[in-house]
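Shown next, in structure tokens, is the structure this report addresses.
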Amino acid sequence: MSSPISLSRYLVEKQRIAGHIPAQLRLLLEVVARACKSISHAVNKGALGGVLGSAGSQNVQGEVQKKLDIIANEVLIDANEWGGHLAAMASEEMEAIHVVPNRYPKGEYLLLFDPLDGSSNIDVNVSIGTIFSVLKMPEGDRGVEEEDFLQPGSHQVAAGYCVYGPQTTLVLTVGDGVAMFTLDRELGSFVLTQDDLRIPDDTQEFAINMSNLRHWDAPVRRYIDECLAGKDGPRGKNFNMRWVASMVADVHRIMMRGGVFMYPWDKREPNKPGKLRLMYEANPMSWLIEQAGGAATNGRQRILDVQPQQLHERVSVILGSKNEVERVTRYHLDADAAS
Ligand code: P6P
């Protein structure tokens, strides 16, 4: 039986043999993975670690911050600022970018993250996760500015998430497929447990928060109504529904068995394009989904082609099995053409 492949060995081989990633990016990804191990340890302690409950503050989104949101954010900042591979970081939990302090060397990468996605699930012991995205610093010898982060998702050089569930699982792409690593707590390292993940083109499972039904736009309503009509309706097959209310958990399920995840624009806050954030939720997840053979749009446009205007901007998200995403997108475009 061949020896297990660690994340470190996987990344060294991507660097040395495949020439896919430079050493600095390999180092960055190893540091992020170590930070996820620390976050997993804190999450697993739960009430025993005094880390549950609210921190008594709000983040830039106006959402109540949980203690673990702040802990996870601090773990990622502390782990990544001294290594010399980053110029700056951006986080859901921080309004402004975090430029690497002058006491440390600066590198050529920008790291963006949602340090702990799905925070409403922390206190009820439901899977949560860390989402991260890596961009390259634009050419030029000036200092780092927020505008340097405003690159479309197609410019990412690495993206991944770590789900803290029954297992702690890291899912990663550097642009040539998707690999999954499971944390071996006895060894203390992530071990390759699946390589080249592929999402089925079709599915019978959708994920959406049904309580928002009355607020949806017509194309979304049409798609869901057809799913609910089942085998007697226009789709000719029955559908199942899942909604974990933790994007990392819902996306991971789709990565493992297919499905379609939707958090579309709705009438509750018509000026907001959606609930989820483009830069550190939708972009990394969309690239992972596309690298696994799926698709991701905002209903009208490929998410990875969206040109960001603001660091914390939101976007409507429809992602997963290619044929379902194409159908929902077609319904949006048909409705636009008819209006
Ligand atoms: P709702 C978690 O807060 C999150 O940002 C995503 O992880 C998740 O998919 C979504 O919001 C859940 O939103 O409105 O169903 O609670």
Side-chain angles (χ1 to χ4, degrees), residues 36 39 43 52-55 57-73 76 90-94 112-133 159-165 169 171 205-217 220 224 241-256 259-286 288-289 294 296-299 303 311-320 325 328:
C36 289
I39 295 168
V43 167
L52 300 184
S54 168
S57 51
Q58 286 193 349
N59 64 16
V60 62
Q61 329 287 343
E63 296 166 336
V64 171
Q65 285 181 307
K66 301 283 193 176
K67 289 177 189 167
L68 271 170
D69 284 323
I70 294 175
I71 291 168
N73 193 62
L76 282 158
S91 166
E92 178 184 86
E93 301 304 330
M94 302 185 300
L112 303 95
F113 46 83
D114 180 355
L116 204 57
D117 175 69
S119 304
S120 61
N121 287 320
I122 293 172
D123 295 348
V124 295
N125 198 17
V126 172
S127 297
I128 49 185
T130 297
I131 309 171
F132 61 92
S133 170
Y161 61 81
C162 192
V163 53
Y164 311 117
T169 305
V171 175
E205 195 161 69
F206 66 88
I208 194 166
N209 183 336
M210 289 295 288
S211 70
N212 299 326
L213 185 148
R214 64 189 183 283
H215 305 303
W216 296 334
D217 212 354
V220 173
I224 296 297
M241 194 211 93
R242 287 284 183 276
W243 187 249
V244 185
S246 173
M247 186 186 197
V248 173
D250 280 315
V251 169
H252 189 65
R253 184 188 59 254
I254 289 169
M255 199 60 85
M256 300 312 291
V260 58
F261 170 93
M262 301 168 71
Y263 212 114
W265 171 94
D266 69 45
K267 303 183 178 81
R268 287 175 296 170
E269 295 185 270
N271 297 328
K272 278 186 185 175
K275 171 177 185 179
L276 302 179
R277 292 80 177 179
L278 174 64
M279 297 301 295
Y280 39 76
E281 289 179 333
N283 274 344
M285 290 309 205
S286 298
L288 285 159
I289 291 287
T297 75
N298 63 5
I303 283 178
L311 185 62
H312 297 290
E313 77 180 60
R314 299 170 188 265
V315 68
S316 174
V317 177
I318 294 134
L319 61 76
V325 174
V328 180

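Remember, it's 1-based here, ligands and their atoms both numbered in the order they're listed. Here the structure is a predicted model, which is why all the values come from computation and not from measurement.
- Between Ala245 and ligand 1 there is a heavy-atom distance shorter than 4.0 Å.
- A 4.5 Å side-chain heavy-atom check between Val64 and Ser119 finds every atom pair outside the cut-off.
- The distance criterion of under 3.5 Å between nitrogen or oxygen atoms is not met by Ser120 with respect to ligand 1.
- The CD1 atom of Ile128 sits 10.5 Å away from the SG atom of Cys162 when rounded to the nearest 0.5 Å.
- Within ligand 1, the atoms closer than 4.0 Å to a non-hydrogen atom of Arg277 are 5 (O), numbered from 1 in the order shown.
- For atom 3 (O) of ligand 1, the closest non-hydrogen atom of the protein is Lys275 NZ, 3.9 Å.
- Of all protein heavy atoms, the one lying nearest to atom 9 (O) of ligand 1 is Met247 N, 3.4 Å.
- Note: Trp243 and Phe261 meet the aromatic proximity criterion, with ring centroids under 6.0 Å apart.
- Of all the heavy atoms in Ser57 and Ile70, the pair that sits closest is OG-CD1, 3.8 Å.
- For ligand 1, the atoms closer than 4.0 angstrom to any heavy atom of Glu281 are 5 (O).
- Residue contacts with ligand 1, taken as heavy atom pairs separated by less than 4.0 Å, do not involve Arg314 at all.
- Looking only at distances, a side-chain donor or acceptor of Asp250 sits under 3.5 Å from a matching main-chain atom of Val244.
- Among all protein heavy atoms, the one lying closest to atom 14 (O) of ligand 1 is Tyr263 OH, 2.6 Å.
- Close contacts between ligand 1 and Gly118 involve ligand atoms 2 (C), 7 (O) [criterion: under 4.0 Å to a heavy atom].
- Here the shortest heavy-atom pairing between Arg277 and Glu63 reads NH2-OE2, 2.6 Å.
- In plain terms, the two heavy atoms of Leu319 and Met247 that are nearest each other are CD2-CE, 4.2 Å.
- For atom 15 (O) of ligand 1, the nearest non-hydrogen atom from the set Asp117, Asn209, Asp266 belongs to Asn209.
- Of the heavy atoms in Leu276, only side-chain atoms (C-beta onward) come closer than 4.0 Å to ligand 1.
- Defined by atom type and a distance below 3.5 Å, a donor-acceptor pair is missing between the side-chain atoms of Ser133 and Asn283.
- Assignment of Glu63 to the shell around ligand 1 is not supported, since no heavy atom sits closer than 4.0 Å.
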